[in-house]
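First comes the structure, then the notes that go with it.
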Amino acid sequence: MKVSIYLLSSAMLLSHTLYGKSIALDNNNKLITDRVSQEIGVHLRSMADINKDLGASSTKQPIKKGQQTEGLQKVRDKVLFPAWPFYANYFEGSDMLLCTFLATISSQGYKNNGDTANLSHVIFGASDIRVQDILLASKLIDQEKLVGTGVLSTPALVKNNDYLGILAHQPIIFRASLEQYSAQLQYARNFDSNKLTIGVNVPVMIQQQHLCIANDLTQENRQKLQNIQENLDAFGGNNGSGGVISQPANAFPPPVQFVNGVPATFDVGEQNKFFSHYASLEAFVDDLLSRKGMKLKKNDFTVGLGDSTLYVTAKLPLEGIRWALAGVYVQLPTSRATDSSKLWSQPLGVGITGFTQFAGYLSLFWEKYRALNPYMHFSGAFSLSDRRNYRVPVRDVLQGNVFNGKVLPTLLAKDHILFGESFLFDGDFSLPDSTVRGFPDQIHPVRITPGASFFCQAGNIIDGIFTTMDYFDLSYQFQFKGQDTVRPIDNKLPNLVTHVLEKDTSTMSHMVGLQYTYKCTDHFLVELGGLYVFAGRNVPRTFQIALTLEALW
């Protein structure tokens, strides 16, 4: 075809040349003939050069089958990165520097049966908390195991007329929310022709906790407490210092008891006037926590390191799979320890934090078509046990005059339980000081072993959403963790009720993840993604946004 075109053009040029020469014909025919011959020779030599070039090209080796596809595939290898966890990131080149900015918010959680509740349920392991659940004196009064030393001389009178008895079934509704912001710095390097990757991840975290009491006294309990206060005021406002009843006819509560004709001491007085001490239920709970050595911090701001991670990944040569990766990682407890002086002390991090953790994982990626590039990831982890100083419930046992194995000289309750002033033990019992996680009276050393965990992820990449340099990633993620094990360290404390700390620590999460990636240059990528926990058990319902800047070289 090229030869034909060139011959045609040469013929036209030759015709034009001859035509021009004919105009200038003169008697010197020999000169004209020579010049025409020279023009023809030049064109013939040019055609010979063309034929030589065409011959060389015809002897060039043909493109091998798949060679062009392989070249395009090599470009795609540098673009498609599945949204695996950070420790399974695969990359081409020798080094990778990654910075991820995360924002995680949560105000709801999933109970043990999967129902949605406020985040406080996940924190404390209970949504319906009553006063008697966190204060042993209130429960003993409700069960008629305490008696007053004066007018309230029977357990029934104490139950119906002391404010701890009235408030025994008073609900305390907590509202909690959590905001976490972090910058995760990750560096990784490839070895052995990109077959082995070693990396480290260090998170720096900012955490904001909000916790408050969302309710006040019920109308029924408020009216009962007001009636008691009004009767005490009408009676004369005895301050509980040992005064005597001066108006038996108007005394509260009836009946007035006399000892040898003398009215008994009125041991309730000012101390039983609830509204003389507390303006609200929250003020009462604040005092209760203060006596336990805790604070209810409505807003708690914390900055520090999260748990760091070291990982090693190996590339597996499996046929039919674009990438097959296997590796291990170790999580180091570089985050701060929990603070037992706070009612809610959230570790810096998500999931199992504050413990040394080992894990193994497998990642698989199939590259098929533009809209079909599936991948899967599996990992299993276990944590080493560690000693912790936690608030652990203690089971108080009274048998006769023996309290927790010690003979009591008197049965005065004030020396052994909180809010036990002016009460005597009246009947055997075996009860913990708290049945709600986070509210026990005392701190004790225990050994905690977090449950083993399993994580899996299945997703797909759609290539070229808006341009040839971007892609979209959609995945489903599932995580399960077994129940924690808590054991006492001090054998001298056999009455520790550790199952309160173990209750509802087995967790399950169902998540959906979205991520958009744009390849700015051959060495720089930007990723924007989100993760939402849409179902689960004993876990927060979190929403997370992540912006990742990734540099490769």
Side-chain angles (χ1 to χ4, degrees), residues 124-149 152-174 213 215-229 240 253 267-294 296 343 391 393-398 403-404 411-442 497 500:
F124 303 122
S127 56
D128 301 322
I129 301 175
R130 301 168 298 171
V131 171
Q132 67 170 348
D133 297 330
I134 61 176
L135 181 60
L136 178 58
S138 180
K139 179 171 288 188
L140 291 175
I141 291 175
D142 186 65
Q143 295 184 4
E144 299 187 7
K145 300 293 185 180
L146 292 182
V147 64
T149 58
L152 302 183
S153 58
T154 66
L157 287 175
V158 174
K159 178 179 180 178
N160 295 322
N161 296 284
D162 188 273
Y163 71 81
L164 294 180
I166 294 173
L167 296 179
H169 296 274
Q170 167 68 45
I172 306 174
I173 301 175
F174 288 92
I213 297 176
N215 69 316
D216 204 346
L217 298 168
T218 64
Q219 188 60 34
E220 180 182 3
N221 287 340
R222 180 177 292 276
Q223 189 62 49
K224 289 181 180 179
L225 294 173
Q226 287 176 344
N227 290 340
I228 289 177
Q229 186 137 344
D267 61 342
V268 285
E270 286 294 330
Q271 74 176 26
N272 202 35
K273 292 182 179 181
F274 180 87
F275 295 109
S276 295
H277 303 284
Y278 311 112
S280 62
L281 175 64
E282 181 177 335
F284 168 69
V285 175
D286 282 339
D287 184 33
L288 189 158
L289 295 176
S290 177
R291 297 195 189 195
K292 291 174 180 264
M294 288 188 291
L296 173 61
L343 178 59
R391 289 191 173 272
V394 175
R395 180 175 296 278
D396 291 322
V397 180
L398 177 68
F403 181 82
N404 290 346
L411 292 178
L412 285 173
K414 67 178 182 178
D415 298 327
H416 308 285
I417 61 174
L418 296 178
F419 286 84
E421 298 84 354
S422 301
F423 294 112
L424 291 172
F425 291 126
D426 187 61
D428 296 346
F429 62 86
S430 176
L431 295 169
D433 56 34
S434 174
T435 58
V436 181
R437 187 168 60 236
F439 289 91
D441 296 350
Q442 302 171 2
V497 187
V500 173

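Everything quoted here is computed from the prediction, not taken from an experiment. One-based numbering along the sequence shown.
- Interatomic distance, Gln219 CD to Arg222 CZ, rounded to the nearest 0.5 Å: 7.0 Å.
- In this structure a side-chain-to-backbone donor-acceptor pair under 3.5 Å is missing from Asp142 to Ser138.
- Distance check, rounded to the nearest 0.5 Å: CG of Asp428 to CG of Leu398 gives 5.5 Å.
- The CG atom of Leu289 lies 5.0 Å from the CE atom of Met294; values are rounded to the nearest 0.5 Å.
- No side-chain donor-acceptor contact under 3.5 Å links Lys414 to the backbone of Phe423.
- Between the CG atom of Leu146 and the CG atom of Asp162 there is a distance of 9.0 Å, given to the nearest 0.5 Å.
- Classified by interplanar angle (parallel below 30°, tilted 30° to 60°, perpendicular above 60°), the ring pair Tyr278/Tyr163 is perpendicular.
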May I have the list of side-chain donor-acceptor pairs in residues 128-137 shorter than 3.5 Å, sequence neighbours left out?
{"unit_1": "Arg130", "atom_1": "NE", "unit_2": "Asp133", "atom_2": "OD2", "d": "3.3"}
{"unit_1": "Arg130", "atom_1": "NH1", "unit_2": "His169", "atom_2": "ND1", "d": "3.3"}
{"unit_1": "Arg130", "atom_1": "NH2", "unit_2": "Asp133", "atom_2": "OD1", "d": "3.3"}
{"unit_1": "Asp133", "atom_1": "OD2", "unit_2": "Arg130", "atom_2": "N", "d": "2.9"}

Begin from the C-alpha positions of Thr435 and Val497 and carry the test side chain to side chain contact (heavy atoms under 4.5 Å, CB included) through to its verdict. CA-CA 9 Å; Thr435 58; Val497 187; over 6 Å; no
Walk me through it: do Leu140 and Leu431 pass the test side chain to side chain contact (heavy atoms under 4.5 Å, CB included)? CA-CA 9 Å; Leu140 291 175; Leu431 295 169; 3.7 Å; yes
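- At least one donor-acceptor pair under 3.5 Å links the side chain of Asp216 to the backbone N or O of Leu281.
- Using a 4.5 Å heavy-atom cutoff, the side chains of Phe439 and Asp433 are not in contact.
- Taken from NZ in Lys145 to CZ in Phe429, the straight-line distance is 9.0 Å, to the nearest 0.5 Å.
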Test side chain to side chain contact (heavy atoms under 4.5 Å, CB included) on Phe274 and Ile228 and set out the steps. CA-CA 9 Å; Phe274 180 87; Ile228 289 177; over 6 Å; no
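- A heavy-atom distance below 4.5 Å is not found between the side chains of Val397 and Phe403.
- One distance of note links CD of Gln170 with CG of Leu217; it measures 5.0 Å at 0.5 Å rounding.
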I'd like to know whether Ile173 forms a side chain to side chain contact (heavy atoms under 4.5 Å, CB included) with Ile213, so could you lay out the CA-CA distance, the side-chain angles of the two residues, the decisive distance to 0.1 Å, and finally the verdict. CA-CA 6 Å; Ile173 301 175; Ile213 297 176; 5.9 Å; no
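- The backbone N or O of Val158 sits nowhere less than 3.5 Å from a side-chain atom of Glu144 that would complete a donor-acceptor pair.
- Residues in residues 277-294 take part in these salt bridge (charged side-chain N to carboxylate O under 4.0 Å, His left out) pairs, two or more places apart or across chains: Glu282-Lys298, Asp287-Arg291, Arg291-Glu421, Lys292-Asp441.
- Under the 4.5 Å side-chain criterion, counting only non-hydrogen atoms from C-beta, Leu225 is in contact with Ile166.
- Using a 4.5 Å heavy-atom threshold, the side chains of Asp396 and Asn404 count as touching.
- Formation of a donor-acceptor pair under 3.5 Å by the Arg391 side chain with backbone atoms of Pro440 is found in this model.
- In this structure a side-chain-to-backbone donor-acceptor pair under 3.5 Å is missing from Gln442 to Val394.
- Taking Phe419 as the reference, Phe284 meet the ring pair (Phe, Tyr, Trp, His ring centres under 6.0 Å) condition, with sequence neighbours excluded.
- Taking both residues in full, the closest heavy atoms of Gln229 and Phe275 are given as OE1-N, 3.3 Å, listed atom of the first, atom of the second, then distance.
- When all heavy atoms of Thr218 and Pro171 are compared, the pair lying nearest together is CG2-CD, 4.1 Å.
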